Every structure is written in C-alpha cells, then in structure tokens.
Amino acid sequence: MNRSKILVLDFGSQYAHLIAKRFRALGYYSEIALPSADLSVFEGAKGVVFSGGPSSVYEKDVPEFNSKILDLDLPILGLCYGHQLMAYSYGGKVGKAEVGEFGFAELELNDFGKASPLFKGVSPKTQVWMSHQDGVLSLGEGFEVIGSTKDCPFAALQNLSKKRFSLQCHCEVKDTPEGNKIFKNFADICGMEVNWDEDTVLNHILESIKKDSKDKNVLLFLSGGVDSTVAFALLNKALGQERVLGLHIDNGFMRKNESKNVADAYHKFGFNNFIVEDASESFLNAIKGLTDPQKKRMAVGENFITVRDSVVAAQKLNEDDWMLAQGTLYPDIIESGGTKNSHTIKTHHNRVDGIQKLIAKGLIIEPLKDLYKDEVRAIGKKLGLDDQLVMRHPFPGPGLSINVLCSDGNFSEKDSEELKKAKEELDKVTIDQFCADCTASMSRSVLPVRSVGVQGDFRTYRFPACLTFKSEGDGFYHIPKVREKVEGASSAITNGASYLNRTVIKLYQKPNLKDEDLKLQEGYCDRRRLDQLREVDNIVLTELHKHNLYNTIFQHLTIDLPYASTRENASFVLRPVCSEDVMTARFAWFSMDIFKEIVHKIAELPFVDALYFDATNKPPATFGWE
C-alpha cells in the first residue's frame, strides 16, 4: 500500500500490533515489520516505533536487529524492550531492575520532560502501564532523562538532536490514559498527516476477501461470538449468501441454551445460510481424561477440523470448491506465539497444527486477523449488526471447556515445593496499608491450582493467592468495599512474588467445611462438570442483565476448579473484566448489594463448596485460567 506510514518493529511484544492499531485509530496509517528488515522496507516511513518484547537486550538470544535502522534520518520511539534497546545501542547500560513493575505506575515529568515535544499537553504526573523486569541503568550517549516513576529513575529518555525518544511504559494500552496524546505528539514529530479511517479499513477487508477466496465458496465456523459473527457478515457482504455457509457446532461447551439463542439471533437478522451441528459427544471424547491446558486446547482445535470434514461429507460439498474461514483476531495469533519473536502464552484453537497446515496451503480466510475486539465491534456496527450480536461478551470456539480446570488429583513433588515457596512469598508481602479496615481478621493462603498468566511478554503458570476477610456467618465472607484497595493489594502480591500470578478473594465456603477439607480432586472436563459450570455461569449472567451491568463490562468468565471436599463438588471463581482490546484488562467491580445477591444465589447450589472473586488485572493474569 503506497502511503505515508509509521512503521512498528515487532520485537515479540504481546502489544506490538496494538501500537499500530492505536496509530491507525488516530488516523495515521501504520504497518508492522521485523527488526531485521532491510532498509528498503522503510520506504514511505515517516517514523519508527520499537515495540516491547520478552527478551533481555544484554543476552545472546535476542531478536535479530538491523542496527543500520538507527542511522535513518527518521524519528524513533522505543517502548519497553525498545526503550532498553535504544539506551543499549547508544552505549547505555541495561540490566535487571531493582524492582520490576507490573501494572499501574505514575510517570512524573521533570523540567526537560515538560518541555519535550513528546509530552506536549501531557500531565506532569500521569498514569502509565508497566510490564518489565529489566531497566535502563545508565544513559546512552546524548540522552537525557525526561521522566521517572517511583521504582524506575530512567522511565522516559530523549535525544532531541537525533529525534530519539524512549519510554519504559506501554503507551499503546488504554491503561496509559494519555498514551494517545503521546502517540499523536510522536506523529506530529514525524510530520505525519491523517491518512486512515474506518471506511478504508472496511473496504480493504472486503476487497481482500474477494481476492483471497478467488472463485471458491467459503465455510465458516460460527461460535456465535462477536468475532465469527462479524466475519460471517463480512463474507456475506463481499461474496453473497449463496457462496457462504456458516457452521455452528454445538460442541457441548456452550453456555446454557447458547446454541438456540445463537440460531434465533441469526435468523432474526436475516442470516439463513447457516446450519447447526450437534457434535457434543465427539468433542467430549476428544478431551476425555486430558488435564494439560495446552493439550486440551489443541484437541478441541483439531476436532473442529474432524467435525468440519464430516459436515462437508454429509452436506456433499465438493472439497475443491470450498475454503474454510475463521473469525481469528490478532490477539489469538500473538498469544499463540504466532509472530517470529513472540512467546506462546496459550495456544488458541484456531492455531493448532491442522489449521496451520490449511493456512500454509492458502485454504483459510481470516478477515479479522489484523484487528482487535473493539475494531471488530466497530466494523460490525458499520455493517448494520445490532447490539445483540455485536456487544455480546466474547465466547471463543472452545467455549466453557477452557473454564473447567482439570487434574488427575496428584500433586507432584515440584508442585509441592513451588506451592511452599509461594506461601513463603505471600507471607512476606506487605499489604496491610491496602486492607487496613479489615486486616485484623484477614488471612492469606495459596490455592493449590495453577493458572496461566503473562508478565513481561512471558507466559507464566503459577498459583493464585487467596485473601479471606472476616466471616459474615453461614459461610459468607466480608468483601472490601473500596476497589482501589483491593487492586493495590492484588498488585503488591503479584509484583512481590515470583510464584504467584493472581489474587482472589474468598466470597463463600460451605459452613460445615473447614479449609483443610478442601483438596485438589481428580476432575476432568466432562458433561457433569460442564453442566455444573453452566448453572453457576447462568446465575451470574442473568444478574448482570437484570441490573443492566452486562454491557458495562467486557466479559465475565466463571471458572470451575477441581478443588473441593469431594469429586462430585467443585469450587468456582468469578472473573469479570473490563477491557477494550483484550491485550490488557482490569477486573470489574460491583456494588456490595449485587455481589451479595450473586453469591447467595450460587451458594444455594448443592455442589458448590467455595466461591472466589478474581481480583487480578492483565497483566499479570490473563482473562481465563487456562
């Protein structure tokens, strides 16, 4: 595409594409390139951004970087890893920071910062989002400090004569509220003019679908979620309903009455070119006895291909005439380790081997693969889809299967040792200042289950800390009223411990059970546990709709833990999150009345031994637990 652009070099950050997306949202065309790119790639570029990444600049195994890029007469902005690489490349020193920062921090500008063109209109003290363990320890040649945080003295640097700027924080996430101002200022420094809008994006996608499909028809997996629904609408608009077939597979992992509701919504909108296939037994058999989250995801993904093949045969569709489409978003790709320098956080069902082989053969169309959730919703509204379809909470293809944590009931020697270390770390973390109103009766523990997280662009698989406040009787526990205090305590725990990546609050425990009665049980993702999860999840979603809260949060997940008094029972975690683009998130918070109403209704279910609330942001946690 021949137009002026800002080029983002992808060093493997979970947020690299989000940088490009932010510039596009501001009206500036932006592309992704590898840091090893030949200088010819920079033709038409007005400026360059170095992304973050999971590596340490001082180690041998780092992304290949064409150092000649630094000789270009273009403004360059480094973020996180890019900030450290900038300092390192100009003779500065980079190493382990005395204190790693994950989550919120306050960037304070000095006099140089207040006068910097990068910070024009930015508050002298501004909230930023951090995710790093390394730090700049000394300045590169010609650089000066323009801002710092409590734990990061070299958080913002510049060399005005060379138009080099670098920040330890992530400006691309919404949790750096003035990040767009900084990007707008950088675009001004680059001399960029507005050259990108929503209509351009939509037209580009429609033309790409026509080009990629050639003369073939397209079969699309329809989970009923926002992504596949918008992809379905795009395919229909680009190719017409006669060339598109939607396949909604009831895989047994749907929410309560989900498949019926999905079909009704599609018919209501005028989609008649889809079929529903009940393949629940096939999927349940595919994951039978599996406990490893990655293997479970892969089994689900591969089985989608198996079911797709059987449907193609049953419908007597000529394989040579059909391609497969998916509603894959960029976060699915990056979290699956889908770019050269990125680390795998979790393998998404749409990136398993069977799908990858079809992609390599050019037999997959993914209209949304360069977009994020909020962009997809905007496209959906532009296509005329109503809120019932566009604003639904995300519901991935594997559905509730990835919310049922599995275990063979055994706790390895390594698990026991790391759980012990996690408990020791938790005991040492100071959180009294956040919970002063209820610390007298607060206790701490660590749940013996692991969950996936992401810190500094690395995947983690660690334990959740559990805070229990005073008992309110009949198994119910006090919930701290001030969200900020809970968030402060949660961040202090995950920042101060290497074996913990979540913080949960105990909401309820059966009154006849002692803490020692709850143990890790043998439990798999079977129909019984899925049915239990459906009931708990349905209570939460019903209450959110009832109190007009459903659309105020991005997504709610209910997590089923094999941590109970018997194999027949379970504990559950409530995980409501607020996010715009999936790459970062804050846990959602409700009024005490709504909290208590939800908890009391769930407690009435006989199989519920305990109930927790996940009070962890992303990072260091991911949305789900697998």
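From a predicted model like this one, the values you see are computed outputs, not experimental measurements.
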Side chains of Arg450 and Asp415, heavy atoms from C-beta outward: is any pair under 4.5 Å?
yes
Test: salt bridge (charged side-chain N to carboxylate O under 4.0 Å, His left out). Region: residues 133-154. Which pairs qualify, not counting sequence neighbours?
Lys96-Asp134
Min side-chain heavy-atom separation Met298-Lys295 under 4.5 Å:
no
Lys382/Asp199 ion pair, N-O < 4.0 Å:
yes
Write down the atom of Glu487, the atom of Arg586, and the distance for their closest heavy-atom approach.
OE1-NH2, 2.7 Å
Just verifying a value: how many Å separate Ile209 CD1 and Leu234 CG, rounded to the nearest 0.5 Å?
5.0 Å
Minimum heavy-atom separation for Ser51 and Gly12, please, with both atom names.
OG-N, 4.3 Å
Exam field: side chain Ser89 to backbone Leu85, donor-acceptor pair closer than 3.5 Å:
yes
Please list, chain by chain and in numerical order, all residues satisfying ring pair (Phe, Tyr, Trp, His ring centres under 6.0 Å) with Tyr28, sequence neighbours excluded.
none
Could you check whether Tyr499 and Phe463 have their ring centres less than 6.0 Å apart?
no
Aromatic ring pairing Phe165/Phe186, orientation class (parallel under 30°, perpendicular over 60°, tilted between):
perpendicular
Which atom of Gly95 lies closest to which atom of Tyr58, heavy atoms considered:
CA-CE2, 3.6 Å
Hey, are Lys5 and Glu31 close enough for a salt bridge, meaning a charged N less than 4.0 Å from a carboxylate O?
yes
Report yes or no: is the cationic atom of Arg377 (NZ for Lys, CZ for Arg) under 6.0 Å from the centre of the six-membered ring of Phe554, at an angle within 45° of the ring normal?
yes
Short side-chain to backbone donor-acceptor contact, Ser30 and Leu7, under 3.5 Å:
no
Using modelled atom types only, decide if a donor and an acceptor are shared between the side chain of His83 and the backbone of Phe154 within a distance under 3.5 Å.
yes
Tell me whether Glu418 is salt-bridged to Lys421, with the criterion being a basic N under 4.0 Å from an acidic carboxylate O.
no
Inspect the surroundings of CG in Asp71 and state if more than 12 heavy atoms from other residues, nucleotides or ligands are less than 6.0 Å away.
yes
So, do Leu70 and Leu72 sit near enough that their side-chain heavy atoms are less than 4.5 Å apart?
no
With a 6.0 Å cut-off on the ring centroids, do Tyr81 and Phe50 count as close?
no
Any sub-3.5 Å donor-acceptor pair from Ser148's side-chain atoms to Ala155's backbone N or O?
no
May I ask you to check whether Phe183 and Phe23 place their ring centers less than 6.0 Å from one another?
yes
Between Gln133 and Glu101, is a side chain to side chain contact (heavy atoms under 4.5 Å, CB included) present by the stated rule, with each step listed?
CA-CA 7 Å; Gln133 290 172 322; Glu101 292 176 301; over 6 Å; no
Can you establish whether the number of heavy atoms outside Phe112 located under 6.0 Å from its atom CZ is more than 12?
no
Just wondering, are more than 12 heavy atoms of other shown residues or ligands nearer than 6.0 Å to CD in Glu106?
yes
Has the side chain of Asn617 got a donor or acceptor atom that lies under 3.5 Å from a matching backbone atom of Phe587?
yes
Within the distance-only criterion (no hydrogens, no angle test), does the side chain of Asn66 pair as donor or acceptor with the backbone N or O of Ser36 below 3.5 angstrom?
no
In terms of heavy-atom contacts, Arg502 and Val452 come closest through NH2-O, 3.0 Å
Flag the pair Glu375 and Arg24 as a salt bridge only when some basic side-chain nitrogen lies within less than 4.0 angstrom of an acidic carboxylate oxygen.
yes
Can you tell me if Thr503 uses its side chain to pair, donor with acceptor, with the backbone of Ala465 under 3.5 Å?
no
Salt-bridge criterion met for Lys296 and Asp292 (N-O under 4.0 Å)
no
Please name the pair of heavy atoms, one in Leu500 and one in Pro464, separated by the smallest distance, quoted to 0.1 Å.
CD2-C, 4.1 Å
So which heavy atom on Ser213 is nearest to which on Met323, and how close?
CA-SD, 3.7 Å
Could you tell me whether the side chain of Thr176 and the main chain of Glu178 form a donor-acceptor pair under 3.5 Å?
no
